[in-house]
Number of protein chains: 2
Amino acid sequence: MSDLNTPSGIVASLQRGQLFSAACPSRDVLKHITSRWGVLVLVALSTGTHRFSDLRRKIDGVSERMLAQTLDWLEGDGFVARRAYPVVPPHVEYSLTPMGREVADRVAGLVDWIEENLGRVLHQHHDTGVAPADQPVE
Amino acid sequence: MSDLNTPSGIVASLQRGQLFSAACPSRDVLKHITSRWGVLVLVALSTGTHRFSDLRRKIDGVSERMLAQTLDWLEGDGFVARRAYPVVPPHVEYSLTPMGREVADRVAGLVDWIEENLGRVLHQHHDTGVAPADQPVE
DNA sequence: GGAAGTACATACAGAAATGTTAGTATGAAG
DNA sequence: CTTCATACTAACATTTCTGTATGTACTTCC
């Protein structure tokens, strides 16, 4: 009886201890997903297949290099599927894998919350009293 | 931006365009939440109030500096509440604010997914086999 | 013939994040 | 009296991240 695999909370609570451990591989996966562009790519692909240049245009601010690398990470983790057509001007399509969709849904949930509550959050910054602290700007 | 608050999808889709814009402030909030330690702090605080050193011991790998800074960001965004007791050896307690709990729940959802599916993800890395040159496709 | 467009890879560089070390206040413990 | 513990901050070093510039293959358009 390998009951270490109960899909409910047992595994979750056990495994969670893992994330808190520096060496746990889940930290790498988390890093890819929560990376600056990873989140945006997942959300962008939530609406369907996109070509490389479409993503680049949609995600304001990404450089080709970063987009390529992010897609590479996500593909390596099995969240994104890459499909290349051997045509003259390169044509490549990216889409979410079933697993990627599961992740993207959760990421989108977080992103949606932020956007819907941005007002409340920003308001906080005002009555936080002060603390210009040491972080210049971003 | 006061009556743009319809709770359903309208705001989400409109606002979402914001996240895709480089200058949107939501990117900063997202950065704090998805920062390397931000995720871990939120998850750690999900189980209740913690003192600074408790968090430090629980989150393997954080340095005091980073923990302090992360808590500062999260406090500034209104996700974490800080309570200091003016006692001899400093005593400070951190906990989630109502707003922080909402965010933490979503973050925890993502983290849980990762931990529960880590096996599948790691497996991916193996058969990511090198693409044999050209992809005929279709 | 020359320019343009696509989906990248590679090299180098500047920016940003993170870590390390040292230090502060104060009371308790040894 | 010395050491320890807490919750930090400031200064400095380092690692990591991200961007820019450049190049490639090949075809279509002018």
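We name chains A, B, ... by the order of the sequence lines, and we start the count at 1 in each one.
Between B:H32 atom NE2 and C:dT18 atom P there is a gap of 11 Å when expressed in whole angstrom units. Spacing between atom CG of B:D54 and atom P of D:dA5 amounts to 15 Å, rounded to whole angstrom units. Atom CG of A:L71 and atom P of C:dA7 are 11 Å apart (whole Å). Here C:dA7 presents its P atom at 15 Å from CD of A:E75, a figure rounded to the nearest Å. Following rounding to the nearest Å, A:R56 (CZ) and C:dG5 (P) show an atom-to-atom distance of 13 Å. Look at CG on B:D72: it is 11 Å from P on D:dA10, rounded to the nearest Å. Counting to the nearest Å, the C1' atom of C:dT18 and the CG atom of B:L40 are 14 Å from each other. One atom, NE2 of A:H50, and another, P of C:dC8, lie 15 Å apart when rounded to the nearest Å.
Residue contacts shown for A:R51 are limited to sugar-phosphate atoms, with no base heavy atom under 4.0 Å away. Residue B:Y94 is in sugar-phosphate contact alone, with no base atom involved, counting any heavy-atom pair closer than 4.0 Å across all strands shown.
For the side-chain contact (heavy atoms from CB on, under 4.5 Å) with B:H50, the qualifying choice from B:L55, B:V41, B:V92 is B:L55, the only one to do so.
Under the ring-ring contact (aromatic ring centres under 6.0 Å, His included) criterion, the residue pairs touching residues 87-110 of chain A are A:Y85-A:H91, with sequence neighbours excluded.
Applying the ring pair (Phe, Tyr, Trp, His ring centres under 6.0 Å) test to A:H32 and every residue at least two apart in sequence or in another chain returns A:W73.
Side-chain atoms of B:W113 and A:V107, non-hydrogen and from C-beta on, never get closer than 4.5 Å to each other. Using a 4.5 Å cut-off on side-chain heavy atoms (C-beta onward), B:V62 and B:L40 make no contact. The shortest side-chain heavy-atom distance between A:E115 and A:V111 falls under the 4.5 Å cut-off.
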> When every nucleotide of nucleotides 14-20 of chain D is labelled 5' to 3' by its protein contacts under 4.0 Å (heavy atoms), B for base, S for sugar-phosphate only, - for none, what sequence of letters results?
Replying inline: ---SBBB
